[in-house]
Protein chains: 2
Amino acid sequence: MLSKKTRYAIAALVKLAKEYGKGPILIKDIAESENIPGKFLETILQNLKNAGIVKSVRGKNGGYYLNQKPEQVNLATIIRLFDPPIAFLPCVTYLYYEKCDMCRDENSCGIKHIFKEVRDTTVNMLKKATLAEILREEAILKKK
Amino acid sequence: MLSKKTRYAIAALVKLAKEYGKGPILIKDIAESENIPGKFLETILQNLKNAGIVKSVRGKNGGYYLNQKPEQVNLATIIRLFDPPIAFLPCVTYLYYEKCDMCRDENSCGIKHIFKEVRDTTVNMLKKATLAEILREEAILKKK
DNA sequence: TATAAAGTATATATATATAATAGAGATTAT
DNA sequence: ATAATCTCTATTATATATATATACTTTATA
């Protein structure tokens, strides 16, 4: 399961995508509209800022806004920022490869290929899921 | 990522599948051959026993053995026993549905369908991965 | 029938990660 | 000058994962 931090990050970014192009949005407004504890959201937005996904304006009339187009931000990127690897086993992670501690002989491991396939499929799906895609889907669902 | 408990459970079951039909195997032997802390493995095997996947014989010459054919035990079943739900969001879990805490209107949520598709695909892959399938793969890899 | 081999049961300890909060500090529009 | 904002660092609370300890019960067999 995704951590709350990741879920909050996704919700905040979807919110910023909705307001894309309208200038900076207050932390407080995001927190209220998305049901996120304000102080917790602060650290999350800082992380997203360090990753270059959002930018901030300090001082009065400040706030946060998307630093990339909604088409360019996808769920795989967001999840990787906050959660442990998407892969089920350390030996099939993309960025953080580690040998499985109990694995005797990795070359004859009959499990690895299964989890590798799961990871690849999952990551591909998450990469297709951009903020723009999510908003498009929401618009469709609201019409029904 | 899978918990160690789950990884240990998978390794122990693969071991029992290898010895399928040869009578009970000692906890100690499984622990040594699979690099699993013995006492920890005890509780894991108890869980597997309660779930009907293995059986045990007490007393001298006792041990554990598979209660189902290697073709009948798959990774989805094992993972579900020990880990939190496979799904990324509480609202798309198979057995433990819960509303996402921040979700305003679940009917117009643009994210849900993505994670539902990921979960379905993942579970299907894991169901195909039986102990028999894993042993078959290992045999192939060892020949190379 | 005593003994050693084995699983059973329950409790506890330790470490780590997650989630959230607090408060002082820095920046900026007006 | 002041109020509105974001920034930075520290702390706390809670839960979960991982592992260990100890006493108990069952069974084969010498």
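Within the 4.5 Å cutoff, the side chain of B:V57 has heavy atoms near those of the B:Y65 side chain. When side chains are defined from C-beta on, A:I53 counts as touching A:V73, because their heavy atoms get closer than 4.5 Å. Looking only at side-chain heavy atoms (C-beta outward), A:C109 and B:E138 stay at 4.5 Å or farther from each other. B:I44 has its side chain within reach of B:F82: a pair of non-hydrogen atoms, C-beta onward, lies under 4.5 Å apart.
A side-chain hydrogen bond (donor to acceptor under 3.5 Å, both in side chains) with A:Y64 is found for one member of A:E42, A:K55, A:Q46 and no other, namely A:Q46.
Side-chain contact, A:S3 with A:D83: a donor N or O sits under 3.5 Å from an acceptor N or O.
Regarding B:F40, its CZ atom lies at a distance of 15 Å from the P atom of D:dT16, rounded to whole Å. Atom CG in A:L45 sits roughly 13 Å away from atom P in D:dC8 (whole-Å rounding). Rounded to whole Å, atom P of C:dT8 lies 12 Å from atom CG of B:N47. Protein atom CZ of A:R7 is 15 Å distant from nucleotide atom C1' of C:dA20, rounded to whole Å. Rounded to whole Å, the distance from CE on B:M1 to P on D:dT18 is 10 Å.
At the phosphate of C:dA19, neither OP1 nor OP2 sits under 4.0 Å from any side-chain N or O atom of A:Y8.
Within residues 75-89 of chain A, no residue approaches DNA chain C, by heavy-atom distance under 4.0 Å.
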Using the 3.5 Å cut-off, write out each protein N or O paired with an N or O of nucleotides 3-7 of chain D and the distance between them.
unit_1: D:dT5; atom_1: O4'; unit_2: A:G59; atom_2: O; d: 3.2
unit_1: D:dC6; atom_1: OP1; unit_2: A:I27; atom_2: N; d: 3.3
unit_1: D:dC6; atom_1: OP1; unit_2: A:G63; atom_2: N; d: 3.4
unit_1: D:dT7; atom_1: OP1; unit_2: A:K49; atom_2: NZ; d: 2.6
unit_1: D:dT7; atom_1: OP1; unit_2: A:S56; atom_2: OG; d: 2.8
unit_1: D:dT7; atom_1: OP2; unit_2: A:Q46; atom_2: NE2; d: 2.2
unit_1: D:dT7; atom_1: OP2; unit_2: A:Y64; atom_2: OH; d: 2.2
unit_1: D:dT7; atom_1: O5'; unit_2: A:Q46; atom_2: NE2; d: 3.3

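Open room surrounds OH on A:Y94; 12 or fewer heavy atoms of other groups in view lie less than 6.0 Å from it.
Minimum interatomic distance between B:I25 and B:E19 (heavy atoms only, all atoms of both residues): CD1-CB, 3.6 Å.
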